[in-house]
Amino acid sequence: MKIVEARVIVTCPGRNLVTLKIVTDEGLYGIGDATLNGRELAVVAYLEEHVLPALIGRDAHRIEDIWQYLYRGAYWRRGPVTMTAIAAVDVALWDIKAKAANMPLYQLLGGRSRERVMVYGHATGKDIEGCLDEVARHVELGYKAVRVQCGVPGIATTYGVAKRSGERYEPADSDLPAEHVWDTAKYLNYVPKLFAAVRERFGDDLHILHDVHHRLTPIEAGRLGKAVEPYNLFWLEDCTPAENQQSFRLIRQHTTTPLAVGEVFNSIHDCRELIQEQLIDYVRTTLVHAGGITHVRRIADFAALFQVRTGFHGATDLSPVCMGAALHFDTWVPNFGIQEHMPHEDRIDEVFPHAYRFEDGHFTPGETPGHGVDIDEDLARQYPYKRASLPVNRLEDGTLWHW
Ligand SMILES: O=C(O)C(=O)C[C@H](O)[C@H](O)CO
Ligand SMILES: [Mg+2]
């Protein structure tokens with residue numbers, strides 16, 4: 001089955017999303033997500049100039065060989081742009097293979113390991129009360145797990161908090177990066193009160209998660225982890241930047257709060273020590289940014305040896321194509337932990353019709369052959385690309401910090 005066409009579709013139905021479509025001589029096609037938030041057109045250029053011309057005429061069934069060709073063959077390895085481009089090709093080819101087999105993708109991966117996939121939603125509030133109301137709304141919707149983020153008194157803008165209550169949180173909200181100001185001391189003194197309030201109001205059964213978004217030093221992360229142990233978090237995410245994997249040893253020495261890392265990783269080498277030394281509990285690396293199913297499956301299998309579970313990134317900047325493929329992966333992967341879920345705007349769901357469904361705090365990927373997500377290209381064309389950047393963070397004295 002030969003690849004006869006491969007093209008990139010950029011659309012902005014409320015946010016920029018990049019999709020790769022690969023068409024074969026048998027009329028089957030597959031799609032992959034190629035969205036790298038705030039750097040979308042870098043991936044488009046990489047695909048259009050360097051990857052797609054080399055795909056034409058190749059056998060669409062040779063997924064592994066094409067993966068190696070794009071990874072080893074490029075000489076320049078790894079990096080988010082490269083690995084997002086490879087992921088788009090890989091997921092599109094798995095979509096084609098599953099369609100050719102007339103099976104939902106999870107069947108090709110090894111079949112069902114569970115009946116449904118638990119997801120966590122996002123509760124955000126300007127203050128603790130506002131966040132509690134949002135938790136209540138999620139509980140009513142059926143969520144069993146909720147990520148909680150709230151504003152901190154004295155900090156004008158805090159990561160994860162929507163501009164107005166009830167609105168979606170969208171960080172890529174301006175043409176050029178907005179400048180935020182961060183204060184670690186104020187955050188560390190305040191945020192444990194949020195978890196205490198959530199436990200007080202919702203009891204012990206609700207799974208609570210929280211994203212620090214890389215802002216603490218290792219010893220500060222250890223302090224926070226220790227302080228929140230009484231509230232039994234499902235996980236504390238990205239508590240410090242993880243380029244130096246060894247720094248997580250220090251955090252582990254101080255706390256038993258489970259740790260999740262990895263939404264910015266793009267290769268198994270980014271998390272090898274974290275996993276092998278059991279310095280984390282959940283790996284968040286997802287298909288679109290880490291080479292697709294072919295590579296993330298290697299990470300997940302390696303993680304399973306060390307009782308590290310998956311907890312894939314699923315923010316709205318990952319398109320429904322990524323979400324659909326991820327849900328098939330989650331349905332199969334033996335060491336599944338949880339899946340992030342931020343609902344897309346209706347306009348996005350219309351551009352990407354999909355088979356996955358939410359019910360009672362869980363998703364099912366559907367039984368449609370392939371990954372079950374399609375793109376309405378005519379509709380997609382009605383939403384032209386609009387540059388949008390993620391913010392940057394500075395300390396009060398102006399020092400550039402981690403956003
Ligand atoms: O969903 C999360 O946990 C995030 O941290 C979201 C990221 O900020 C977002 O995907 C960046 O593009
Ligand atoms: Mg995160």
Side-chain angles (χ1 to χ4, degrees), residues 12 14-18 33-43 80-81 83-84 87 119-124 134 138 143 145-150 157-163 167-174 177-178 180 182 187 191 207-216 221 224 233-243 258-266 270-271 274 280-290 310-323 326 330 337-345 348 387-393 401-403:
C12 185
R15 67 150 17 269
N16 291 315
L17 297 169
V18 181
D33 183 15
T35 310
L36 185 61
N37 202 7
R39 293 291 184 271
E40 293 86 357
L41 298 190
V43 183
V81 174
M83 297 304 275
T84 301
V119 296
Y120 67 92
H122 284 204
T124 115
E134 276 295 293
H138 280 81
Y143 285 93
V146 183
R147 184 185 100 159
V148 295
Q149 311 284 146
C150 75
T157 41
T158 313
Y159 164 77
V161 178
K163 281 191 177 140
E167 269 187 7
R168 285 184 178 79
Y169 173 63
E170 174 51 74
D173 63 354
S174 58
H180 293 178
W182 175 247
Y187 167 80
V191 80
H207 298 302
I208 308 177
L209 301 86
H210 180 71
D211 191 350
V212 183
H213 224 258
H214 321 273
R215 284 156 195 220
L216 302 178
L224 178 61
L233 265 59
F234 187 96
W235 80 34
L236 196 61
E237 176 184 335
D238 285 336
C239 51
T240 196
E243 287 108 321
L259 304 176
V261 183
E263 66 185 39
V264 298
F265 294 167
N266 50 70
D270 295 329
C271 47
L274 286 172
I280 57 172
D281 302 282
Y282 297 92
V283 61
R284 284 184 45 69
T285 315
T286 192
L287 310 179
V288 58
H289 297 142
T310 63
F312 286 175
H313 190 198
T316 40
D317 48 286
L318 283 66
S319 93
V321 181
C322 180
M323 185 67 180
D330 296 337
I338 200 165
Q339 167 72 50
E340 182 178 15
H341 171 238
M342 276 177 88
H344 288 109
E345 281 186 36
I348 293 179
R387 185 169 63 193
S389 304
L390 290 168
V392 297
N393 234 356
W401 198 243
H402 318 283
W403 172 70

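Residue numbers start at 1 and run along the sequence shown. Computed from a predicted model, the values in this text were never measured in an experiment. Only heavy atoms go into these numbers, but all of them, side chains included; no hydrogens, no water, no symmetry mates. Ligands are counted one by one from 1 in listed order, and the atoms in each one are counted from 1 as well.
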Who are the side chain to side chain contact (heavy atoms under 4.5 Å, CB included) partners of [X], not counting sequence neighbours?
X	value
Asp211	Arg147, Gln149, Tyr159, His213, Glu237, Asp238, Glu263
Ala388	Asn16, Ala172
Arg39	Leu36

Heavy-atom side-chain proximity of [X] to [Y] below 4.5 angstrom:
X	Y	value
Trp403	Pro177	no
Tyr169	His122	no
Val43	Val18	no
Lys163	Glu170	no

Where ligand 1 meets [X] - atom numbers and elements under 4.0 angstrom, heavy-atom basis:
X	value
Glu263	2 (C), 3 (O), 4 (C), 5 (O), 6 (C), 7 (C)
Asp211	2 (C), 3 (O), 4 (C), 5 (O)
Tyr159	2 (C), 3 (O), 4 (C), 5 (O), 6 (C), 8 (O)
Arg147	1 (O), 2 (C), 3 (O)
Trp403	8 (O)
Ala315	1 (O), 6 (C), 10 (O)

For [atom], what is the nearest protein heavy atom, given as residue, atom name and distance?
atom	value
atom 12 (O) of ligand 1	Asn37 ND2, 2.8 Å
atom 8 (O) of ligand 1	His213 NE2, 2.8 Å
atom 1 (O) of ligand 1	Glu340 OE2, 2.5 Å

Legend entry - Donor-acceptor under 3.5 Å (Asn266 side chain, His289 main chain):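 Between the backbone of His289 and the side chain of Asn266 there is no qualifying donor-acceptor contact (under 3.5 Å).
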Inset, instruction - Count, excluding waters, the protein N, O or S atoms that are closer to the Mg ion (ligand 2) than 2.8 Å. - result: 3
Inset, instruction - Check each of Phe312, Tyr120, Tyr143 against His341 using the side chain to side chain contact (heavy atoms under 4.5 Å, CB included) test, and report the only one that passes. - result: Tyr143
Inset, instruction - Examine ligand 1 and decide if any of its atoms is less than 4.0 Å from a heavy atom belonging to Tyr169. - result: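 Contact absent.
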Legend entry - Nearest candidate to atom 3 (O) of ligand 1, where distance is taken over non-hydrogen atoms, out of Glu237, His289, His313, Gln149: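 Nearest option to atom 3 (O) of ligand 1, by heavy atoms: Glu237.
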Legend entry - Selected option - heavy-atom contact closest to atom 10 (O) of ligand 1, from Asp317, Thr35, Thr286, Val264: Asp317
Legend entry - Rounded distance [0.5 Å steps], OG1 in Thr316 versus CD in Glu340: 9.0 Å
Inset, instruction - Considering only NZ, NE, NH1 and NH2 on the basic side and carboxylate oxygens on the acidic side, decide whether Arg15 and Glu345 come within less than 4.0 Å. - result: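 Salt bridge flag = no for Glu345 with Arg15.
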Legend entry - Exercise: identify the closest heavy-atom pair between Asp317 and Thr35: O-CG2, 3.3 Å
Legend entry - Met342, portion touching ligand 1 at heavy-atom distance under 4.0 Å: neither
